[in-house]
Amino acid sequence: MRIYECADYSAMSRQAANIISAQVILEPQCVLGLATGSTPIGTYEQLVEWYKKGDLSFAGVRSVNLDEYRGLSAEHDQSYRYFMQTHLFDHVDIRRENTNVPNGMAEDPAAECARYDQIIRDLGGIDLQLLGMGHNGHIGFNEPTDYFPLGTHLVDLTQSTIEANKRFFASEADVPRQALTMGVGSIMSAKSVLVVVSGADKAAIVRSAFCGPITPQVPASILQLHPHVTLVGDRAALTEIRKEGVAVCG
Ligand code: F6R
């Protein structure tokens, strides 16, 4: 694993955007696995800025997002489709038909999960998967449990995730209780993984995910077994993992 420590959130965002743009420049038809949440917002802003300057194009890129809330339509301003449109897709030249987000309104979630896994297979898998990390170690919405789910599945959100995400909704009661998420198997099959973490509140989970035991109780811990993981964090998020004496790039 390669770890980049950045001075602050904006440096972290630039570094992550550099890695994504290198992927897009070297492989213009690549498949990007994309994440939502607050951490990658600065990364997307940076990519949009470079796109507007003419430094990169998403015209050939295909994308698959990690997850979507169950019961929220693409037009709902807290849906992850809406997030992707407003933070990235609407501002760059990616073709809408080349972007994929699970359908939170699907009447048959099992069929939607199977459809989504087929999309990932048809694309030939993911070249670069961007991930944020929950305070409980979740990746996508793979919450702590007693096994690592392989494919896309319906998940009950934990109270900790509902608490963490209520800031985006009018009240906690409005936070959906379920989501469709890509499985850990699909994430682990990505050729490379880029994890972004920011803030002191992530420091403890970053340490246990990357230096603690590999356990489905900390879903991100499985990334220790992935051959090409890059962790990009700001100084605050890396304070605990630093104590393990891991090698960190500047
Ligand atoms: C989002 C996602 C989640 C977030 C995680 C961290 O698509 O899959 O796993 O990455 O909840 O969220 P933030 O970045 O808001 O701390």
Side-chain angles (χ1 to χ4, degrees), residues 6 9-10 12-13 16-17 20 32-45 63-70 72 74 76 78-89 99-104 113 116 120 126 128-145 148-149 152-169 175-188 190 193-206 208-209 216 218-223 229-234 236-238:
C6 306
Y9 178 77
S10 83
M12 180 214 76
S13 301
I20 295 170
L32 296 180
L34 297 175
T36 63
S38 47
T39 316
I41 289 176
T43 304
Y44 294 144
E45 278 171 7
S63 73
V64 276
N65 260 77
L66 283 166
D67 41 20
E68 180 60 280
Y69 286 118
R70 183 166 189 214
L72 297 195
H76 190 290
Q78 291 308 324
S79 76
Y80 287 170
R81 163 57 77 175
Y82 188 93
F83 175 104
M84 290 311 302
Q85 292 301 138
T86 51
H87 289 288
L88 183 67
F89 298 157
T99 66
N100 298 280
V101 181
N103 176 7
C113 292
Y116 208 68
I120 299 170
I126 297 163
L128 172 65
Q129 176 65 57
L130 174 64
L131 294 177
M133 207 163 73
H135 294 104
N136 59 6
H138 73 220
I139 45 176
F141 272 133
N142 292 281
E143 297 281 32
T145 180
F148 290 109
T152 306
H153 59 286
L154 182 66
V155 67
D156 293 329
L157 302 184
T158 60
Q159 192 53 37
S160 127
T161 299
I162 293 166
E163 285 286 325
N165 290 2
K166 72 179 183 197
R167 66 193 194 275
F168 301 115
F169 292 84
V175 185
R177 267 35 187 179
Q178 291 185 310
L180 302 171
T181 183
M182 207 188 269
V184 172
S186 309
I187 294 169
M188 288 296 285
V193 176
L194 169 61
V195 187
V196 286
V197 286
S198 169
D201 56 316
K202 293 282 172 73
I205 193 64
V206 169
S208 45
V218 182
S221 64
I222 197 153
L223 297 172
V229 174
T230 304
L231 172 66
V232 179
D234 60 17
L238 300 187

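The figures here come from the full heavy-atom set of this structure, side chains too, leaving out hydrogens, waters and symmetry mates. Counting starts at 1 for both ligands and their atoms, in listed order.
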Is there at least one pair of N or O atoms, one from Arg167 and one from ligand 1, spaced under 3.5 Å apart? yes

Show the atoms of ligand 1 that are less than 4.0 angstrom away from any heavy atom in Leu66. 8 (O)

Any chance you could measure [X], atom [atom1], to [Y], atom [atom2], to the nearest 0.5 Å?
X      : Y      : atom1 : atom2 : answer
Asp156 : Gln178 : CG    : CD    : 5.0 Å
Glu68  : Met84  : CD    : CE    : 11.0 Å
Leu180 : Tyr80  : CG    : OH    : 12.0 Å

Under 3.5 Å, is there a donor-acceptor pair between the side chain of [X] and the main chain of [Y]?
X      : Y      : answer
Asp234 : Cys6   : no
Asn65  : Pro102 : no
Gln129 : Ala190 : no

Considering only protein heavy atoms, which is closest to [atom], and at what distance to one decimal place?
atom                    : result
atom 3 (C) of ligand 1  : Gly140 O, 3.5 Å
atom 14 (O) of ligand 1 : Thr39 OG1, 2.5 Å
atom 12 (O) of ligand 1 : Gly37 CA, 4.2 Å
atom 5 (C) of ligand 1  : His138 NE2, 3.3 Å
atom 2 (C) of ligand 1  : Asp67 OD2, 3.3 Å

Is there a heavy atom in Lys202 that sits closer than 4.0 Å to ligand 1? yes

Checking Phe141, Phe83, Phe168 against Tyr69 for ring pair (Phe, Tyr, Trp, His ring centres under 6.0 Å), the one that qualifies is Phe141

With heavy atoms and a 4.0 Å threshold, my read on which part of Met133 contacts ligand 1 is backbone

Give the contacting part of Thr36 toward ligand 1: side chain, backbone, both or neither, where contact means a heavy-atom distance below 4.0 Å. both

Donor on one side chain, acceptor on other, Ser13 and Glu45, under 3.5 Å: no

Out of Ala220, Pro219, Gly132, who is nearest to atom 10 (O) of ligand 1 when you count heavy atoms only? Gly132

